[in-house]
Structure formats: C-alpha cells, structure tokens
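Report on one structure; see the data block that follows.
Numbering starts at 1 and runs along the sequence shown.
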Amino acid sequence: SKVRVEHASAVRNLREHGVYGDMMTVGSRGVRTSWQMLLQAGASARERLVAAAARQWNVPVAECAAANSKVTHKPSGRSLDYGALAAAAARIKLDREPEIRKPDQFKLIGQRLPRVDTPLKINGEARFAIDIQIPDMVYAAIVACPVFGGKLGSVDATPAMGRRGVQAVVKLDNAVAVIADRFWRAKETLALLEPVWEVGAAGKTDSAQFAKLYRDTLNGPMVNARDDGNVESAFGKGGKIVEATYEAPYLAHATMEPLNATVHLHDGMLEVWIGSQTPMNTIRQAAAASGLPPGRIVVHNCFLGGGFGRRTANDEMRQAILIAKQVGKPVKLVWTREEDMTHDRYRPQAAVRMKAALSAEGMPAAFDARIAVGSILRSVGISKVENGIEAQAVEGIVNIPYAIPAVRVGCMLKHTHVPVMFWRSVGSSQNAFFVESFIDELAHTAGKDPYQFRRTLLASRSDFLGVLDTIAQKSDWGKPLGAGRGRGIAIHECFGSIIGQVAEVTVN
C-alpha cells in the first residue's frame with residue numbers, strides 16, 4: 001500500500017551497462033526473468049537500510065531489523081522510517097550482495113495482491129503514449145504502400161494545400177503523411193490524396209494463392225522435428241486411420257491502443273514517448289532512424305494499450321522520426337485502425353495435416369503431424385534457422401503430452417513478402433488449436449468421452465491431470481445439457497504453464 005511504481009529508465013540502463021537487465025516483456029517471461037533480480041534488489045536495499053540505521057545509532061548491525069517500512073533497534077525499540085534512511089543507505093558500500101530470501105521466507109509471493117496499476121487505468125491517471133502532448137507538437141497521419149515491400153511512386157499534394165490546420169505533406173520511401181495542428185485534420189486531408197504505389201510482383205499475390213502454397217507444402221519434403229517409435233509400422237498394422245487438415249490465417253495483433261509515437265529532435269538529442277515492450281531495443285531502433293548515437297536518445301516509456309509482441313518493432317516510431325527530421329517540429333504520429341490492421345507484423349499463416357492410427361481399444365498407436373508455417377526468424381531478419389526448424393513453429397506439437405507409442409513431427413518453414421512476428425503465445429496460438437481439435441476427432445472416432453479420452457492418454461502426467469480434472473469438475477462435465485447445447489474441453493502447455501479450458505456452446 002506504500003509502494004509507488006515507476007517505469008525503469010532505459011537511459012540509465014544504457015548508461016550503467018544493463019543495471020536493469022534486458023528490460024524486455026516478451027515471450028511470457030517478463031516476471032520469470034526478473035523476479036530473482038527484484039528479490040536481490042530488495043535484499044540489497046534492506047541490508048543497506050539496516051547498515052545506515054546502525055551507523056546512525058552507533059550500534060551493531062545485528063541488533064537492527066528492517067520490516068514494515070522502518071528499521072528498528074531491537075534492544076531499545078528505536079526506529080527510523082526507510083525514507084529518513086534512504087539517502088544514507090544509498091551511500092553504503094556492501095562487501096558482497098546479501099542472499100535472497102528462500103521460498104519459506106516469502107511474504108508476498110504466492111499471495112493474492114491487488115495490481116498497483118489497476119486504479120490508475122480505471123480513474124484515467126495512467127498515461128498511455130496516445131495521451132502524450134508536448135509544446136509546439138504537430139500531428140501526423142500516415143498511409144503506407146498497401147503491398148509490403150512496395151514503394152511510393154508519386155503523390156499530388158495539391159488537394160492538401162490551403163486546408164485548415166494543414167502544414168505539410170511528407171513523402172517517405174514507402175508512405176505519405178499529412179502534418180496538421182489536429183490529428184483529425186491530418187487524417188481527413190490524407191484521405192483526399194491519391195498516392196501512386198510501385199508494388200512490384202508482390203502486388204499480384206492474394207490469400208487464395210498463399211493458402212494453396214501452404215496446403216501444397218504438406219505434400220512435399222519435411223524436416224524432422226521429432227521421430228519416436230516406428231510410425232510407418234504402426235500405420236501398416238491396420239486399424240482405424242484418422243486424418244485431418246487444419247489451417248490458420250495471418251492474424252493481426254489488433255491492440256486496443258493503435259500504434260503511435262511522439263518524437264522531439266532538439267539540441268542534438270532525440271526524445272521519444274512510446275509504449276514499448278523492449279525499451280533498450282527502442283533506443284537502438286531510434287538511433288538507426290535518427291542517425292544519433294544511443295547516448296543522445298531518451299525513451300520515455302508509457303503504459304501500452306496492448307502489446308502481444310507488436311510493440312517491439314516500433315515501426316511507428318521510425319516513421320515519426322523521419323517525419324520530424326523533415327518538418328523540424330515535435331511530431332505525434334498516430335496510426336488509424338485501418339493502417340494498424342493492414343501494416344501489422346502478423347501471426348504466421350500455417351497449415352497442418354495430422355494422421356493417427358487407433359488401436360483395437362480405440363487409443364492412438366501412432367501420431368504423425370506435418371506442418372507448414374511462416375518463419376518468424378527469417379521475417380525479423382535472422383536468416384539462420386538451425387536445421388530448418390524454429391522452436392515456435394513446432395511448439396505445442398513436438399512436445400505433445402499424450403502417451404502415444406509412435407510420434408513423428410515434420411516441419412517446413414515458409415517465407416513470403418508478408419511480415420510475420422511473435423504473437424501472443426506464439427506457436428502455441430495455432431498449434432494448441434490444431435492438436436486439441438485432432439484429439440477431439442480421435443475421441444469422436446473411438447466413441448469415447450473427450451475428457452476421459454484425454455485422461456487415459458495423460459495417466460502418467462499428474463501435472464496435466466490436476467488441471468484437467470479441475471476444469472472438468474468446475475464445468476460440471478458429464479452433467480446432461482439441454483438440446484442444442486454442448487461442451488468442449490482442451491488442455492495445453494505453453495511457456496511452462498499448463499492451461500485448460502472448457503467451452504459451453506449453445507446453438508440456436
């Protein structure tokens with residue numbers, strides 16, 4: 001109740017060679033990679049506060065203890081608040097960092113505690129990047145080439161001339177922007193322009209073509225991601241064979257807050273106000289766009305209205321910097337929802353074919369999966385993909401938890417001109433859907449209850465059974481439902497957490 005949270009300073013982290021670590025909230029590991037560092041910071045502060053108090057009272061450190069916002073001298077009962085000791089504690093030099101608390105000493109971890117940011121987001125105090133306003137700021141609305149990789153050929157700026165509040169039309173290599181004193185005026189004027197785009201061969205592609213590409217890939221060679229047991233032998237023994245093909249489209253991040261950035265170039269420096277999941281990477285990207293050294297860039301990180309992986313690339317910031325260099329004023333660039341949806345870096349498109357052989361008892365004796373999926377690493381510029389496999393391409397399939405004697409997983413990475421990127425839960429986003437849908441197909445073919453079917457296949461996994469049994473119990477699984485109603489069940493492991501869901505569906 002007495003803690004106020006601030007965004008850590010990326011500038012300080014740069015200046016002090018990573019004092020805050022990598023400063024990333026990506027891959028569902030923001031807490032996983034920082035909790036021990038935070039425990040260490042707490043232990044270090046606690047020891048310094050105690051040492052400062054002991055020095056002030058001229059008593060042994062062992063006679064002092066820190067708790068409940070104050071340091072107490074146990075023999076005399078004297079106490080000092082942390083605030084009164086903070087300046088002196090900051091000057092204390094420890095011979096070594098203290099040990100962090102062991103789990104049996106935790107006071108807060110494991111408790112249900114209210115989030116400190118919730119009240120701010122309810123009452124409007126939280127400042128998102130889209131809320132930022134600075135003196136002399138102008139607004140920019142932008143439209144980029146509708147085909148990825150395309151360029152701006154030409155644009156006639158005449159329709160923008162003389163319109164109220166409009167100050168400039170700015171041309172970038174693949175986009176055109178209108179600058180005005182209000183965002184609405186910039187946006188409405190932008191709609192009057194008719195840019196000519198140079199789209200190249202990519203302009204002739206379409207969704208149907210991509211869908212065929214991915215489906216056809218399933219018939220070609222694959223790189224083995226897993227090959228346990230003898231799948232071909234199991235299929236050759238007869239029994240019921242079940243086969244299904246699933247597809248997933250490109251998927252936009254669709255964050256609640258559209259992408260936006262405010263930038264100010266002044267006095268040989270660049271200030272950026274943005275919501276970033278990777279502020280250190282934001283500094284590097286800003287340096288590349290501005291030509292300034294990283295030490296001349298200040299990133300003011302803000303609350304972000306949804307990230308899901310999208311707020312790591314900072315495309316909007318790069319555009320804002322390039323515009324500001326031309327107009328010579330602080331610029332606030334806001335993407336419209338249309339721009340956000342058509343220029344995302346999407347979840348990869350994928351197609352998968354799954355095949356299983358059921359034994360006489362109706363349980364799977366062999367499982368074979370072939371997946372064609374877009375390469376995230378190639379799309380973000382990491383050209384080397386070890387052995388033709390990306391972990392995120394096969395996660396959730398290659399580690400299928402079900403006890404099946406023979407399992408084979410093949411993968412073929414695809415790469416088109418459409419940029420793809422990490423999306424919330426990454427490969428598990430589509431792969432959980434693929435696997436769990438297919439397990440339902442198998443249960444249906446075997447005439448078995450989907451919950452009990454999974455339970456049998458997970459008999460050796462007490463961790464999975466704990467989740468599966470809990471959601472079955474909480475959802476009243478097995479109790480009759482009325483006409484037109486049904487339940488579905490699914491379970492999956494993602495980033496070290498096991499997730500289960502029951503959906504109750506009514507059709508009218």
Side-chain angles (χ1 to χ4, degrees), residues 124 126-148 150-198 252-266 270-276 282 286 289-290 299-300 302-306 310-311 313-344:
R127 284 224 304 175
F128 294 82
I130 207 164
D131 298 321
I132 297 299
Q133 294 190 21
I134 61 176
D136 302 320
M137 181 180 80
V138 294
Y139 290 84
I142 196 165
V143 61
C145 180
V147 177
F148 293 104
K151 301 292 183 182
L152 174 64
S154 61
V155 62
D156 179 8
T158 304
M161 298 300 100
R163 286 182 61 87
R164 185 181 180 190
V166 173
Q167 300 183 15
V169 173
V170 174
K171 302 174 186 178
L172 302 182
D173 61 347
N174 67 339
V176 59
V178 172
I179 316 304
D181 62 349
R182 300 286 187 273
F183 176 72
W184 177 257
R185 292 172 180 169
K187 173 183 174 295
E188 290 297 283
T189 301
L190 182 64
L192 300 176
L193 304 184
E194 298 181 351
V196 177
W197 307 109
E198 297 175 357
H253 292 80
T255 57
M256 184 179 292
E257 178 191 10
L259 296 187
N260 67 93
T262 300
V263 302
H264 187 196
L265 283 160
H266 63 95
L270 168 64
E271 289 188 82
V272 176
W273 290 262
I274 194 171
S276 173
T282 299
S290 66
V299 171
H300 304 280
C302 305
F303 283 109
L304 50 94
R310 182 63 179 103
R311 283 186 155 90
N314 304 138
D315 299 312
E316 69 282 25
M317 178 191 69
R318 175 184 172 275
Q319 292 175 333
I321 292 170
L322 296 176
I323 292 168
K325 290 172 76 171
Q326 292 195 41
V327 301
K329 295 180 180 179
V331 172
K332 180 173 186 173
L333 173 69
V334 181
W335 282 22
T336 62
R337 181 62 69 198
E338 293 85 349
E339 192 72 5
D340 191 25
M341 296 297 285
T342 55
H343 289 88
D344 202 345

For this session: Would you check, one step at a time, whether the test side chain to side chain contact (heavy atoms under 4.5 Å, CB included) holds for Gln326 with Leu172?
Result: CA-CA 10 Å; Gln326 292 195 41; Leu172 302 182; 3.9 Å; yes

Contact summary for [X] and [Y], nearest pair of heavy atoms:
X: Cys145; Y: Gly150; value: SG-CA, 3.6 Å
X: Glu257; Y: Phe303; value: OE1-O, 4.1 Å
X: Ile132; Y: Lys332; value: O-NZ, 2.9 Å
X: Trp273; Y: Ile134; value: CZ3-CD1, 3.8 Å
X: Val331; Y: Ala140; value: CG1-CB, 3.9 Å
X: Glu316; Y: Ala261; value: CG-CB, 4.0 Å

Exercise. Does a side-chain heavy-atom distance below 4.5 Å link Cys302 with Arg127?
Worked result: no

Problem set entry | Close side-chain approach of Asn314 and Ser276, heavy atoms under 4.5 Å | yes

Could you tell me the separation between the [atom1] atom of [X] and the [atom2] atom of [Y], rounded to the nearest 0.5 Å?
X: Asp181; Y: Met137; atom1: CG; atom2: CE; answer: 10.5 Å
X: Lys151; Y: Glu198; atom1: NZ; atom2: CD; answer: 9.5 Å
X: Thr282; Y: Ile274; atom1: OG1; atom2: CD1; answer: 5.5 Å
X: Asn260; Y: Leu333; atom1: CG; atom2: CG; answer: 8.0 Å

Problem set entry | Partner set under side chain to side chain donor-acceptor pair (under 3.5 Å) for Gln167, not counting sequence neighbours | Lys329

For this session: Under the side chain to side chain contact (heavy atoms under 4.5 Å, CB included) rule, what do Leu152 and Trp197 come out as? Steps first, then yes or no, please.
Result: CA-CA 5 Å; Leu152 174 64; Trp197 307 109; 3.7 Å; yes

For this session: With side chain to side chain contact (heavy atoms under 4.5 Å, CB included) as the test, would you mind laying out the steps for Arg182 and Arg164 before giving the verdict?
Result: CA-CA 10 Å; Arg182 300 286 187 273; Arg164 185 181 180 190; over 6 Å; no

Which donor-acceptor pairs under 3.5 Å do side chains of residues 154-163 form with protein atoms, sequence neighbours excluded?
unit_1, atom_1, unit_2, atom_2, d
Asp156, OD1, Thr158, N, 3.0
Asp156, OD1, Thr158, OG1, 2.6
Arg163, NE, Thr189, OG1, 2.9

Exercise. Are Arg318 and Asp315 within salt-bridge range, i.e. N to O under 4.0 Å?
Worked result: no

Problem set entry | Test log, rule side chain to side chain contact (heavy atoms under 4.5 Å, CB included), inputs Arg311 and Leu259 | CA-CA 8 Å; Arg311 283 186 155 90; Leu259 296 187; 4.0 Å; yes

Seminar exercise, completed: Checking Ile142, Val170, Leu190 against Val176 for side-chain contact (heavy atoms from CB on, under 4.5 Å), the one that qualifies is Leu190

Exercise. So, does Asp340 use its side chain to make a donor-acceptor pair with the main chain of Trp335 at under 3.5 Å?
Worked result: no

Exercise. Sub-3.5 Å donor-acceptor pair from the side chain of Asp344 to the main-chain atoms of His253, do we have one?
Worked result: yes

